[in-house]
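Everything below concerns the one structure shown next.
Computed from a predicted model, the values in this text were never measured in an experiment. Throughout, protein chains are lettered first and strands after them, A, B, ... in sequence-line order, and every chain is numbered starting at 1.
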Amino acid sequence: MDVIITEPSTPFPGSVHEVPGGGIVLSTLDDVINWARSNSLWPLVFGTSCCAIEMMSAASAKYDFSRFGFEVARATPRQADVIIIAGTIVNKMAPVLKRLFDQMPDPKYVIAMGACATSGGPFFYNTYSVVKGADHVIPVDVYVAGCPPRPEALLHALITLQEKIKSGLTRDQIRAQFQEDGK
Amino acid sequence: MDASTILFYTIAAYILVTGVLAVTTRKIFRSAIWLLFSLIGIAALYFWMDLPFIAAVQIVVYVGGIVVLIIFSIFLTQKSGDQMPKPILGRTLPSALASFFGFVFTINLIWHHGFIENKGILFDPTVDSIGMQLLNTGEGGYILPFEVVSMLLLAAMVGCIVIAMKVKKEETI
Amino acid sequence: MISFLKTYFTEVFQAIKSLLSGMKLTGYYFTHPKNIITEEYPDNRATLKMADRFRGEVIMTHDEKNEHACTGCSACELACPNGTIKIINKFEINAEGKKKKAIDAFVYHLELCTMCNLCIVACPTDAIKMSPNFEHSVYDRRLLTKQLNHEGSKIREGVE
Amino acid sequence: MFEEIKTSNDGELVINVGPQHPATHGVLHLLITLNGETITKLEPNLGYIHRSIEKMCESLSYRQFIYSTSRMDYLSSHMNNHACAMIVEKGLQVEIPERAEVIRVLISELTRLASHQLWWGAMAMDLGALSPFFYSFREREVITDIMEETCGARLTMNYIVPGGLMADIHPNFVKRVKDFIIQFNSKIDEYDQLVTGNIIFQNRMKNVGYLSPEDAISYGTTGPVARGSGVSCDIRKLYPYSAYNKVKFEEILETGGDSFARYLVRIKEMKQSISIIEQLIDNIPEGDFQAKTKAVLKLPKGEFYQRVETARGELGVYLVSEGGTTPYRIKFRSPGFSNLSALNHMVKGHKIGDLVAIMGTLDLVIPDIDR
Amino acid sequence: MGSGSLITLMLAAIAFSAGGIAVAKFLTKGSTNPQKGQAYECGIPSEGTPWKQFHVGYYLFALIFLIFDVELVFMYPWAVVAKKVGMMALFEIIVFIFILFMGFLYAHKKGALKWM
Amino acid sequence: MFSFQNMTQEIHSWLSSLMSETFVMLVEMTIVGILAIALFAFLGLVLVYMERKVAAVIQLRKGPNRVGPFGIFQTSADTLKLVLKEGFMPDNVDKFLYKLAPFVVMITAMLILAPIPFAKGVQIWDINIGVFYLTAISSISVIGILMAGWASNNKYSLLGAMRSGAQIVSYELSAGMAVLSIVVLTGSLNLGDIIASQEDGWWIFKGHIPAWIAFIIYIIAVTAETNRAPFDMAEAESELTGGFHTEYAGMRFALFFLAEYINIFIVCAIGAILFFGGWMPFHIGSWTAFNHVMDFIPSFMWFFGKTFFLIFLIMWFRWTFPRLRVDQLLNLEWKYLLPISIFNLLLMTLVAIKGWHF
Amino acid sequence: MGNEELIVKLQELFPAASIIQGNDWPEISFESGADFLSTIDVLKSDQTLAFDYLFCETCVDWKTHFTMVYHLDSTRFRHNIVLKYKLDRETPEIDSLSFVYRTSEQHEREIFDLFGIIFKGHPNLKRILLTEDWVGYPLRKDYDDPINMIKL
Amino acid sequence: MISVGLTHILILSTCLFFIGMYGFFTRRNLITLLMSVELMLNSVNINFAAFNKYLFPEKLDGIFFNVFIITIAAAEAAVAIAIIINLYRSHNSIDVEDAGEMKY
Ligand code: SF4
Ligand code: SF4
Ligand code: SF4
């Protein structure tokens with residue numbers, strides 16, 4: 001196929017992140033706050049299955065999500081900003097995930113990586129133990145489809161999340177926006 | 001009242017308050033921490049008295065050594081989260097009284113003794129002079145105690161090991 | 001005693017040697033930054049070339065007349081292991097007055113799809129294929145449910 | 001107060017390690033009892049990623065169920081698929097073309113290499129060395145690229161269909177694999193330089209987590225874990241399948257039984273895999289890549305068992321067919337499940353740090369254990 | 001500036017830390033939920049408290065450390081004057097260290113420096 | 001030559017001409033305090049950035065490069081975010097000690113700065129017992145860690161704290177011995193004197209093999225004392241998740257994080273002073289011409305250059321080696337480092353007394 | 001030993017059992033009620049059999065009864081057999097092998113978890129994969145869970 | 001206001017001494033007893049330093065005594081803690097009241 005990438009429907013979120021106000025004048029406090037938050041997303045070490053391997057690949061030298069400042073993976077939720085749910089969530093794991101999410105200090109974000117975390121994926125039908133989407137357990141900010149999504153797709157998700165934090169909108173506001181747009 | 005006086009009173013108050021807390025807190029770990037602060041306060045007092053060497057010794061040995069050891073032994077022997085039992089009144093009252101009267105008595109003695117402070121000579125306890133006197137074999141030299149200290153430490157070390165390892169052996173047998 | 005000291009010091013030197021050899025390697029990489037293999041993803045989007053077999057999502061090919069090749073036979077729906085595809089059919093009356101089955105909506109749940117390629121293999125008319133697009137991040141998972149046949153598209157002539 | 005001290009002064013601390021813990025490589029939950037830093041008891045608690053694949057497979061057709069198995073041991077997804085495809089082929093009694101067999105083995109070995117490389121990096125990371133992780137991923141990415149080009153995906157390849165392969169190899173495949181072999185051979189020394197020879201690493205590994213050959217058999221361990229204890233259990237050698245009887249390779253056996261032996265087995269296995277690939281890459285037979293099979297597969301009534309050697313050990317697939325289009329009962333005998341059962345035996349009396357080292361060399365993949 | 005500088009630095013440290021914490025307090029709002037305040041233990045409710053008696057395997061090291069620490073204290077004044085005093089200082093310290101080293105060897109022999 | 005001494009004196013006299021003694025002191029204290037805070041923050045930002053970049057290059061990565069040019073604002077964003085994170089405290093902690101612990105760690109880190117000469121004549125407090133003071137104060141920080149670990153009421157924290165307690169106190173000994181061997185050479189505890197004695201060459205070059213051994217021991221010991229990999233037992237991510245600061249979030253965690261880096265800076269600064277002559281330019285014996293050329297590089301550049309070199313060394317360790325186990329760690333100290341450092345000290349004494357050094 | 005020899009040998013040892021040649025290996029089946037532990041003992045300790053390696057243990061729900069299936073291997077001779085044991089559906093009980101083959105401790109827990117078969121003498125028989133409060137045994141054919149299970 | 005002199009320091013040390021004593025009497029736990037003793041020793045130490053500074057500034061003996069006392073305090077603490085731990089191991093308690101009935 002010659003097409004390199006099919007053109008995404010939405011404009012591509014963000015390239016190199018400028019310091020707000022061009023690095024000289026700071027615009028408003030909120031901008032600065034959102035700038036800081038969006039550029040320093042420390043993920044919680046949380047990978048349950050296959051997608052975790054691709055998450056590790058995203059950390060590896062070739063994709064290197066440290067370029068965005070994401071590499072400070074914390075093992076404890078107290079210091080983490082974002083949970084990347086990389087993998088299936090089963091009924092036994094759901095309370096754990098909820099607990100980890102609850103234990104994170106605000107502000108906190110969630111990325112559902114892969115088909116399993118978004119909707120149960122390959123385990124949607126005929127299984128008795130899989131949670132059909134992590135958003136039944138905790139609120140999710142960004143969904144990435146794919147099984148597993150490639151590392152670039154995860155990077156794309158992180159950029160999308162950054163974009164969202166920069167906009168300063170809450171989860172519900174964004175949902176409402178989409179509903180207004182009628183998809 | 002100059003800065004130095006204020007400083008002294010601050011340090012004194014700090015030492016006393018933390019000291020009192022150290023002997024009255026009912027959480028043993030906190031008690032150790034208060035003791036630690038009290039000891040640091042005493043080190044500060046030495047600084048104030050222009051005895052930095054002693055102050056540093058105080059910190060190195062007490063803070064870096066003894067308190068850490070005490071904390072370890074607390075973990076070994078206590079449930080560190082529990083409150084210690086409240087001392088019974090029949091016990092606190094006599095001790096408080098005894099301490100108080102002892103205190104009054106001693107203060108009385110100090111007040112009436114009238115020390116003659118020797119203000120003429122400059123007090124200069126540099127490490128250099130301490131070291132010279134320490135290694136001095138002659139009159140007023142401390143070379144003998146210096147070596148004896150090593151014996152003492154040796155004895156303490158051997159003692160510790162013997163005592164601490166004793167039960168261990170019995171347990172394993 | 002002597003032998004003890006000897007082993008003691010050989011141990012120490014061996015240890016230091018082994019540590020230094022590790023440091024040599026990392027030091028080498030530190031001083032040769034040309035070994036860096038990072039591909040800067042969002043910046044290299046223009047040049048990023050996916051492998052041509054890479055499976056990113058299922059798409060339905062439409063030609064310029066907005067026509068596709070899907071007959072609505074549901075073979076892909078049956079082949080899919082996890083119910084990703086839902087074919088909603090309608091019946092069209094064609095020119096000769098015969099009733100003909102055609103798709104109303106080819107619903108594709110991207111959030112469920114495992115990119116296993118079974119549907120593509122199963123499709124008798126090659127109406128669908130895999131596209132290497134992988135940028136599927138959205139804020140709302142409902143956006144991942146797609147309709148693959150374009151609005152107003154028709155089945156291509158001659159496809160049975 | 002005094003009584004209270006007396007009653008509960010066991011001095012033991014019960015700690016949860018996992019399910020979310022960097023060292024468990026997933027969602028294993030270990031309940032460890034510590035005396036000071038020494039582990040006195042360990043109880044694994046599984047099921048945090050139990051996805052009921054076995055139940056699910058009962059309602060999937062023979063073409064479909066293969067794909068759910070790549071999500072089990074995702075690091076040897078190709079081998080899992082291979083086992084399932086073979087069991088279906090066994091039931092259907094189709095001969096698959098020579099070419100397909102060789103390519104399957106080639107991809108299997110590449111997968112094994114990728115898996116071992118990931119293990120190497122992750123294990124070093126558990127021990128606190130972070131750079132090896134990145135070096136190992138450098139080589140691994142090359143393999144994943146090759147996979148992506150030929151199979152269309154990086155991790156869960158789904159390249160095997162009953163009867164052969166989904167597609168022929170990519171034209172670049174042979175050349176890229178050869179390039180990779182050259183690159184890998186030049187880099188494998190770095191592994192030794194950085195980790196194997198390192199004194200800290202050796203001290204962390206040697207005499208830690210000893211598993212005697214008898215225990216290894218009794219606990220049903222397989223793969224590098226058993227081979228580290230000197231138990232010969234390589235299915236590729238003992239019960240050769242696919243094209244494995246056509247290639248020469250050694251079964252790596254170490255007699256140490258400790259973590260270091262297990263480490264060495266894997267490192268040497270990588271070299272063996274390379275040698276298998278070298279033997280096959282120039283001799284891929286011409287021909288079809290797929291045998292003719294019906295669109296809807298039906299297995300005859302009966303029971304089938306197929307063992308393959310994945311990167312972690314022996315994977316057994318036990319399939320009961322009632323003659324329909326879906327399996328009646330399917331059981332995956334996963335290597336990790338048995339390997340894990342030896343963990344309690346291995347860590348007793350060791351420190352927490354050793355637990356991490358031992359788990360590192362067991363190379364557990366939790367979805368493989370929980371299925 | 002003498003001890004004044006110490007006070008300055010101390011105040012600076014306190015101001016810095018307290019300032020940071022205060023800013024955090026004023027600028028952020030957190031959410032509360034019943035699980036948040038519980039101890040983190042890999043996502044599983046913690047069993048019991050760590051504030052109980054606990055076996056510190058290395059307390060013997062701390063004991064021996066204390067002895068050596070005191071030794072170190074004596075060596076500072078010695079080290080300052082060692083060059084001036086000359087060979088005598090070396091002999092004295094050799095005796096000093098030798099005696100202590102005996103204890104060290106004893107500890108080794110008794111296995112006190114092994115993990116308990 | 002560029003010197004700060006005149007500058008400070010000028011400021012002092014200028015201030016004295018304006019107001020009374022007490023006010024001058026207050027103003028100067030404020031200036032020093034603000035400078036110290038600024039230095040603190042600056043060092044924290046730079047060191048964290050440096051760590052990430054060093055790690056990245058060693059690991060064949062690019063490292064942070066998207067926030068500002070070359071990612072230099074990455075750490076600022078991180079700090080800002082940490083400040084803006086919810087300052088949150090678990091329920092079952094010992095509230096007082098939990099809150100106090102970061103302060104203790106910070107105060108110690110700050111107090112150690114006092115006697116360090118950052119450049120010629122730039123020193124907050126020229127204390128006579130300089131080196132001893134440093135050893136003393138740095139031994140307080142272990143209390144902060146123990147406090148944090150215990151107060152968190154978390155098992156990982158407690159284990160981490162106990163480990164680091166044992167570790168820090170043990171390694172203090174060999175670090176002390178290594179420091180002493182330089183003190184023996186110079187015959188002074190004063191940092192200024194120690195630097196002055198390296199006028200004609202740094203001790204690492206003048207002191208023969210004992211100096212090298214002392215340096216190696218020093219570097220190992222301080223790596224352990226600052227809880228850095230391969231001795232990061234207190235944090236040991238893969239074993240104890242977060243170690244003693246498992247339960248700390250937001251700003252309080254940032255303080256620990258910052259203090260860790262400041263401590264690294266400080267021990268490396270001390271190492272630079274003791275073995276590499278602090279701000280003293282690279283001088284060779286009597287090559288006056290050469291020495292003059294060297295003097296043109298400002299002294300603070302020398303100081304920071306050397307310190308950052310040592311910091312780089314410690315980072316290099318971190319990104320190369322696996323972590324030791326607790327008992328091996330203590331074994332290393334008590335079986336190898338301590339005996340060797342004691343004998344090295346004796347050797348050094350012999351060298352010093354006989355005048356065999358240059 | 002080859003498969004034929006094995007069958008002969010097994011027939012000698014267990015005349016009561018029915019032995020057939022399966023797809024790969026000999027299959028020996030016992031009705032419920034047979035003395036299971038002593039059978040295993042013979043299989044493991046017999047010098048010419050030496051089945052010391054239990055590589056797969058599972059259960060099949062045949063709707064009318066359960067069948068426990070054991071796959072045994074001999075690390076010495078490299079021959080395998082399949083051992084089957086029929087269980088009653090109402091009171092599925094069987095002796096635990098956890099002291100003979102230690103690997104079966106976990107396998108049996110799993111089977112207990114998913115099929116609800118009671119292993120007599122098992123040291124720690126509780127649910128392993130599912131939560132303690134799970135109702136039902138999901139791998140049984142009649143298991144139904146309308147909440148969690150969405151049928152395609 | 002008088003400037004701070006020897007008497008002030010002595011009062012401080014006396015206070016500290018009796019605080020230690022109070023703790024010594026009221027506490028029943030051996031470790032806390034040890035801590036109280038450390039406080040008392042420290043107050044004595046202050047006296048030595050103060051006497052040296054204010055009464056005999058030409059000499060250093062007070063300082064030496066100070067250092068030696070700290071040394072001995074350390075040795076004492078080490079041995080005491082070894083004993084306490086030992087007692088605890090054999091009696092499972094470090095309460096003074098129980099220590100009374102301990103027999104070896
Ligand atoms: S989405 Fe696919 S790759 Fe990711 S966890 Fe689920 S099954 Fe695995
Ligand atoms: S790729 Fe697989 S999962 Fe996706 S729609 Fe096709 S058959 Fe279904
Ligand atoms: S895509 Fe192909 S298989 Fe699916 S309904 Fe259309 S024609 Fe049939």
Side-chain angles (χ1 to χ4, degrees), chain E residues 1-2 4-18 20-21 23-25 27-31 36-42 46 49-51 54 56-58 61-62 64-65 68-69 72 75-76 79-84 86-87 89-90 93-94 97 101 104 108 113-115, chain F residues 25 28-29 32-34 36-37 40 83-88 90-92 102-103 106-107 109-111 113-114 124-125 132 153-156 158 162 166 169-170 172-173 176-177 180 183-185 187-189 241 246-247 250-252 254-255 326-327 330-331 334-335 342 346 349-350 352-353:
Chain E
M1 286 172 80
S5 66
L6 285 190
I7 297 164
T8 317
L9 288 176
M10 224 157 97
L11 291 179
I14 292 172
F16 183 71
S17 327
I21 291 172
V23 166
K25 209 167 208 144
L27 277 183
T28 62
K29 44 185 183 299
S31 62
K36 197 166 197 168
Q38 290 170 21
Y40 160 76
E41 211 174 307
C42 290
S46 180
T49 163
W51 289 347
F54 172 75
V56 189
Y58 20 80
F61 290 96
I64 297 168
F65 157 76
F68 274 93
D69 204 23
L72 205 61
M75 280 164 81
Y76 273 96
V80 172
V81 294
K83 216 164 158 182
K84 268 183 248 163
M87 278 321 256
L90 184 61
I93 207 68
I94 284 179
I97 285 179
F101 211 74
F104 184 70
H108 247 301
L113 295 179
K114 280 211 196 82
W115 188 275
Chain F
M25 207 170 92
E28 279 179 0
M29 272 166 78
V32 168
I34 290 169
I37 290 178
F40 236 60
V83 174
L84 295 170
K85 201 104 171 132
E86 181 191 359
F88 141 85
D91 296 339
N92 300 324
F103 283 89
M106 279 304 274
I107 291 173
M110 191 67 107
L111 284 186
L113 282 181
I124 299 176
W125 184 21
F132 196 28
N153 196 359
N154 181 303
K155 290 161 192 170
Y156 299 121
L158 184 68
M162 303 306 285
V169 297
S170 295
E172 225 161 70
L173 288 180
M177 293 285 176
L180 270 183
V183 174
V184 166
L185 275 177
S188 169
L189 293 172
T241 61
T246 303
E247 292 283 2
M251 191 60 204
R252 295 203 174 87
L255 292 179
V326 202
D327 56 332
L330 294 174
N331 213 359
W334 291 97
K335 209 167 153 201
I342 288 179
L346 293 182
T349 320
L350 193 67
I353 290 172

**OP:** Quick one: list whatever passes salt bridge (Lys or Arg N to Asp or Glu O under 4.0 Å) with F:Glu247, sequence neighbours left out.
**Re:** A:Arg78
Original post:
For F:Leu255, is it the side chain, the backbone, both, or neither that has a heavy atom closer than 4.5 Å to a heavy atom of chain E?
Top reply: side chain
Original post:
Measuring heavy-atom distances to chain E, does F:Lys85 have an atom under 4.5 Å in its side chain, in its backbone, in both, or in neither?
Top reply: backbone
Relative to chain E, which of [options] shows the most heavy atom pairs under 4.5 Å?
{"options": "F:Thr349, F:Val169, F:Val183", "result": "F:Val169"}
{"options": "F:Leu111, F:Thr246, F:Asn331", "result": "F:Leu111"}
{"options": "F:Leu350, F:Leu113, F:Ile34", "result": "F:Leu350"}

**OP:** Kindly compute the distance separating CD1 (E:Ile97) from CG (F:Leu346), expressed to the nearest 0.5 Å.
**Re:** 4.5 Å
Original post:
How long is the span from the OG atom in E:Ser17 to the CE atom in F:Met251, to the nearest 0.5 Å?
Top reply: 7.0 Å
Subject >> For F:Ser170, side-chain hydrogen bond (donor to acceptor under 3.5 Å, both in side chains) partners two or more places apart >> reply: F:Trp334
Original post:
Among E:Ile21, E:Ile14, E:Ile94, which has the most heavy-atom pairs under 4.5 Å with chain F?
Top reply: E:Ile21
**OP:** Would you check, one step at a time, whether the test side chain to side chain contact (heavy atoms under 4.5 Å, CB included) holds for E:Val80 with F:Phe132?
**Re:** CA-CA 11 Å; E:Val80 172; F:Phe132 196 28; over 6 Å; no
Original post:
What closest approach, in Å, do E:Ala79 and F:Leu180 show between heavy atoms, and which atom pair accounts for it?
Top reply: CB-CD2, 3.4 Å
Original post:
Is it the side chain or the backbone of E:Leu90 that comes within 4.5 Å of chain F heavy atoms, both, or neither?
Top reply: both
